[in-house]
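Below, chains carry the letters A, B, ... as their sequence lines are ordered, and counting in each starts from 1. All values derive from a computational prediction rather than experimental measurement.
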Amino acid sequence: MNLFADFHARIAAILARLQTEGRLPAELDFGRFVVEPPRDPSHGDLACNAAMVFAKEAKAGFGAPRAFAEAIVAALAREDSVASAEVAGPGFINIRVKPEIYDRIIAFCVNNPGVFGRAASAPGAGKVNVEYVSANPTGPMHVGHCRGAVFGDALASLLAFAGRAVTREYYINDAGAQVDVLARSAYLRYREALGEAVGDIPEGLYPGDYLKPVGVALVAKYGRSLLDQPESQWLAPVRQFAIDAMMDLIREDLKALAIEHEVFFSERSLTVKHGASDAVMAAVDALRAKSLIYEGRLPPPKGQLPEDWEDREQTLFRSTQFGDDVDRPLLKSDGAYTYFASDIAYHRSKFERGFTTMIDVWGADHGGYVKRMKAAVAAISGGAAGLDVKLCQLVKLMRNGEPVKMSKRSGDFVTLRDVVDEVGADAVRFMMLFRKNDAPLEFDLAKVIEQSKDNPVFYVQYAHARGRSTLRKALEAFPDMDLTPAALRSADLALLDDAGERALMALIAQYPRLIEQAAHAHEPHRIAFYLHDLASAFHSHWNRGKDEHGLRFINEEKRFLTHARLALVSSFTAVLASGLAILGVSAPEEMR
RNA sequence: GCGCCCGUAGCUCAGCUGGAUAGAGCGCUGCCCUCCGAAGGCAGAGGUCAGGGGUUCGAAUCCCUUCGGGCGCGCCA
């Protein structure tokens with residue numbers, strides 16, 4: 001049902017025929033040309049650039065690109081779905097299809113809402129792992145986390161819809177120094193819960209109130225038994241207890257945004273010994289076996305030398321062999337593994353679990369880490385797996401155009417929950433996706449709950465509600481009309497001959513192609529923009545019905561025309577609902 | 001000093017693996033409701049796509065360079 005893919009295949013077949021006739025060279029990469037919707041509707045339904053892309057290769061057989069294009073056009077004209085094909089400009093091929101092609105697409109969409117646009121699973125595509133959020137388990141989620149969270153979740157949905165086998169994963173950073181700090185902070189709350197006056201939370205510990213219930217829960221579990229123990233005794237159990245509590249908190253926060261991961265992967269689990277070794281050691285050994293590890297010295301960074309720079313020999317990974325700028329250390333001066341070493345082991349685990357496409361969603365401040373991680377994935381997989389890192393820029397939280405102040409100290413930050421409670425999950429999700437991930441984003445708490453066209457969330461949801469309302473309204477005019485998919489799909493769509501109706505149909509027909517491209521580019525924001533465009537086309541056509549009553553969807557005098565128009569409305573709401581579902585935003589029946 | 005990201009209308013941003021005359025919303029100007037939801041729509045004004053070179057049939061898009069902004073730069077996660 002992808003009109004554009006269909007014609008790409010047809011034109012490829014035509015080119016192949018020309019190859020066997022010896023008028024084109026044998027080796028041509030058909031992936032180089034595109035069939036796309038023309039920007040200017042007067043150019044027809046589809047435009048193809050094949051004649052220009054293969055101009056060089058066709059020069060011997062055809063001469064100028066236009067002549068080559070004429071040959072393709074002649075072949076296209078014989079296709080039964082083509083109304084007309086012509087050459088334009090330097091060699092564009094503009095194709096107009098017969099209207100029934102669109103009728104068929106709309107009929108399919110009406111009859112298979114939720115399926116239209118979905119791609120069949122590609123056999124050789126391999127499993128995809130999308131890792132996102134991965135916030136440190138030291139407290140509730142900050143508003144800064146929500147962009148990556150929503151982005152990763154929508155991307156995963158998009159890829160699944162595009163036919164990929166997707167796993168959503170969360171990496172728990174439960175092995176660093178910060179979780180020890182968490183444990184000490186929780187232990188303090190534990191003493192507090194036992195009646196001790198702890199006063200101000202000392203510098204270096206987490207001050208937030210959210211640890212108080214953890215202290216109480218520790219008392220419930222351990223009583224007073226931890227009080228007179230040395231830290232070496234209580235640290236590990238308290239740490240695990242606190243981490244579990246924090247992860248419960250985080251899962252709750254994510255649930256408020258309708259986000260659910262299938263796998264929570266513990267960093268600490270990588271350092272659990274199996275005999276004499278653990279996963280990190282195993283990963284390093286694997287690299288060593290490929291001669292990618294050596295003992296050496298790194299040159300200091302250019303420019304300002306760090307204060308505590310000390311030239312020393314260390315264990316290095318040859319990431320420069322895979323495009324990194326310098327080789328990267330795997331051991332700290334105290335002999336422990338670096339975070340990078342665990343990350344290598346973690347991504348090695350992903351590879352061993354069968355993922356050949358890995359997508360990591362990070363904050364933009366981790367941009368400096370991308371090259372080494374890609375290098376590591378290339379090294380551990382021998383080039384069999386690829387890593388794409390999607391960096392999400394900061395969100396500037398605003399209220400009525402004024403920045404919302406966020407002080408970092410004293411644990412007084414704006415939580416994700418605060419924001420979701422204030423404006424709702426739909427608004428947060430849509431706005432996080434109504435911007436390219438690598439562009440900064442302004443999020444205005446006042447604007448996103450405004451019920452006006454300024455607010456894209458509302459604008460799109462309103463279009464859906466309007467469409468659904470029309471279908472309900474139609475039953476008042478035609479109480480016996482059958483609006484089930486099975487009935488609507490056999491509506492006589494040839495009756496739809498208005499330019500506004502055909503424009504809407506053309507836009508709907510682009511949906512499968514849009515899905516494919518957005519999935520390929522790992523860019524869910526394209527869905528959001530498409531839905532906004534689609535909603536706009538609908539609103540626009542709707543308003544034409546105010547001047548020309550004959551264009552209204554419901555026409556009491558013309559039963560069959562109304563039925564056909566309702567089929568169009570139904571396909572429209574189906575695509576809106578489908579796209580919104582990918583974004584994780586609700587498609588309301590009515591606005592309240 | 002080096003690396004990555006960004007620079008498009010007054011503001012916030014799209015621009016689909018290089019495509020035809022660069023788009024949308026806000027703001028500004030002027031319009032459209034006796035009847036499917038005006039919670040909407042139509043029209044107008046507004047651009048050296050940061051500047052300069054290059055690649056080619058064709059560049060906002062790719063390469064080089066300058067300027068401007070953000071992020072990062074052994075042992076933190």
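- Residue N49(A) places a side-chain atom within donor-acceptor reach of the base of G19(B), judged by atom type and a 3.5 Å distance cut-off alone.
- Rounded to a whole angstrom, the distance from the P atom of C42(B) to that of A38(B) is 14 Å.
- Contact annotation: side chain of D454(A) to base of G25(B), donor-acceptor pair absent below 3.5 Å.
- Between the C1' atoms of G1(B) and G19(B), the separation comes to 40 Å (whole Å).
- Among the heavy atoms of the strands lying under 4.0 Å from S469(A) is at least one base atom, whether or not backbone atoms are also near.
- With hydrogens and angles ignored, a donor-acceptor pair closer than 3.5 Å exists between the side chain of N94(A) and the base of A20(B).
- In this structure, C33(B) shows a glycosidic angle within 90 degrees of zero, which is the syn conformation.
- For R513(A) against C16(B), a side-chain-to-base donor-acceptor contact under 3.5 Å is present.
- Spacing between C31(B) and G70(B) at atom C1', rounded to whole Å, works out to 43 Å.
- Residue pairs satisfying the salt bridge (Lys or Arg N to Asp or Glu O under 4.0 Å) criterion with at least one member in residues 361-374 of chain A, sequence neighbours excluded, are listed as follows: D325(A)-K371(A).
- Both geometric conditions, a ring-centre gap below 5.5 Å and a plane tilt below 30°, are fulfilled for H43(A) over the base of A20(B).
- Among the heavy atoms of the strands lying under 4.0 Å from R312(A) is at least one base atom, whether or not backbone atoms are also near.
- Across all strands shown, A477(A) has no heavy atoms under 4.0 Å from either base or sugar-phosphate atoms.
- At a threshold of 4.0 angstrom between heavy atoms, the contacts of A55(A) with the nucleic acid are absent.
- In this structure, R32(A) forms no cation-pi arrangement with F54(A), as its terminal cationic atom is not both closer than 6.0 Å to the ring centre and no more than 45° off the ring axis.
- Among the protein residues, P300(A) comes within range of no part of the nucleic acid, since none of its heavy atoms lies under 4.0 Å from any strand.
- Cation-pi geometry between R328(A) and F340(A) is not met: the NZ or CZ atom fails to fall both under 6.0 Å from the ring centre and inside 45° of the normal.
- Projected onto RNA chain B by closest heavy-atom contact, A535(A) and D174(A) fall at different nucleotides, the more 5' of which corresponds to A535(A).
- When heavy atoms are screened at a 4.0 angstrom cut-off, S333(A) is found touching base atoms of the nucleic acid.
- T470(A) contributes no side-chain N or O that forms a donor-acceptor pair with the base of C36(B) under 3.5 Å.
- Taking atom C1' on both nucleotides, G72(B) is separated from C13(B) by 26 Å, rounded to a whole Å.
- E590(A) comes within 4.0 angstrom of a nucleotide base, judged by non-hydrogen atoms across all strands.
- The separation of G68(B) from C33(B), taken at their C1' atoms, amounts to 49 Å, rounded to a whole angstrom.
- Taking atom P on both G44(B) and U8(B), the two are 25 Å apart, rounded to the nearest angstrom.
- Contact annotation: R39(A) reaches the phosphate of A20(B) (side-chain N/O to OP1 or OP2, under 4.0 Å).
- Near RNA chain B, meaning a heavy atom under 4.0 Å away, the residues from residues 85-93 of chain A are A88(A), P90(A), F92(A).
- Looking at heavy-atom distances under 4.0 Å, R552(A) makes contact with a base.
- Taking the P atoms as reference points, G15(B) lies 15 Å from A9(B), given to the whole Å.
- Annotation: U48(B) and A22(B) have their P atoms spaced 13 Å apart (nearest Å).
- The salt bridge (Lys or Arg N to Asp or Glu O under 4.0 Å) check on K453(A) picks up nothing, with sequence neighbours excluded.
- Y459(A) comes within contact range of the sugar-phosphate backbone alone, with a heavy-atom separation under 4.0 Å but no base atom that close.
- When rounded to the nearest whole Å, the span between CD1 of I95(A) and P of A20(B) equals 17 Å.
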